Amino acid sequence: MAETYRLSCHCGAVALEVQPKQALADAKRCDCSYCRRRGAPMLAVPLDGLTVLKGEDALTLYQFGTHTARHWFCSVCGIYTHHRRRSNPNEYGINLGALEGVNPSDFPEFGWNDGVNHPSDR
Ligand SMILES: [Zn+2]
């Protein structure tokens, strides 16, 4: 049974409940043109493992390139909360740094996904 976490943006307008399929220490960053700017370590969550508790109307969607991935962030404070993954549309990626009660500095050695050579482009 996956652990359940509450995820929130900075201003509190948006809150999600998530059940990551990975351990927190297995979060990864991505070096694609978008994620390298965002810089967040991310965890994979199955589609049925994410519920928007509040702030659905505060979420803004950003898409680019193939428009497959759907990146959401809070329209008030700008914090990235989650995205529908392009490499696996059956999963979301979530912002580890936005999990309540979790300090990313407890996991100093995050790996990287190769977003420059994206699996969907090979
Ligand atoms: Zn916010």
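Residue numbers count from 1 along this sequence. Ligands are counted one by one from 1 in listed order, and the atoms in each one are counted from 1 as well. Side chains are part of it too, since the values below use all heavy atoms of this structure and drop only hydrogens, waters and symmetry mates. Quick caveat, the model's predicted, so the values are computed rather than measured.
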Query raised in the report: Heavy-atom distance under 4.5 Å between the side chains of His83 and Met42, does that happen here?
Result: yes

Report task. Go through His71 and His82 one step at a time and tell me if the side-chain contact (heavy atoms from CB on, under 4.5 Å) criterion holds. Result -> CA-CA 6 Å; His71 298 271; His82 65 297; over 6 Å; no

Requested in this report: For the residue pair Gln19 and Thr4, confirm or rule out a side-chain donor-acceptor distance under 3.5 Å.
Outcome: yes

Requested in this report: Mind listing the protein N/O/S atoms less than 2.8 Å away from the Zn ion (ligand 1)? Waters don't count.
Outcome: Cys9 SG, Cys11 SG, Cys74 SG, Cys77 SG

Less than 3.5 Å apart, which donor and acceptor atoms pair up between the side chains of residues 54-66 and the rest of the protein, not counting sequence neighbours?
{"residue": "Lys54", "atom": "NZ", "partner": "Gly12", "partner atom": "O", "Å": "2.9"}
{"residue": "Gln63", "atom": "NE2", "partner": "His67", "partner atom": "O", "Å": "2.9"}
{"residue": "Gln63", "atom": "NE2", "partner": "Ala69", "partner atom": "O", "Å": "3.3"}
{"residue": "Thr66", "atom": "OG1", "partner": "Thr68", "partner atom": "N", "Å": "3.4"}
{"residue": "Thr66", "atom": "OG1", "partner": "Thr68", "partner atom": "OG1", "Å": "2.9"}

Tell me which donor-acceptor pairs under 3.5 Å the side chains of residues 95-105 have, and how far apart each pair is, sequence neighbours excluded?
{"residue": "Asn95", "atom": "OD1", "partner": "Gly97", "partner atom": "N", "Å": "2.9"}
{"residue": "Asn95", "atom": "ND2", "partner": "Tyr80", "partner atom": "O", "Å": "2.9"}
{"residue": "Glu100", "atom": "OE1", "partner": "Arg6", "partner atom": "NE", "Å": "3.4"}
{"residue": "Glu100", "atom": "OE2", "partner": "Arg6", "partner atom": "NE", "Å": "3.4"}
{"residue": "Glu100", "atom": "OE2", "partner": "Ser8", "partner atom": "OG", "Å": "2.8"}
{"residue": "Asn103", "atom": "OD1", "partner": "Ser105", "partner atom": "N", "Å": "2.9"}
{"residue": "Asn103", "atom": "OD1", "partner": "Ser105", "partner atom": "OG", "Å": "2.9"}
{"residue": "Asn103", "atom": "ND2", "partner": "Ser105", "partner atom": "OG", "Å": "3.4"}

Requested in this report: Sorted by first residue and then second, give each salt bridge (charged side-chain N to carboxylate O under 4.0 Å, His left out) pair with at least one member in residues 78-94; sequence neighbours left out.
Outcome: Lys21-Glu91, Arg85-Glu91, Arg86-Asp121

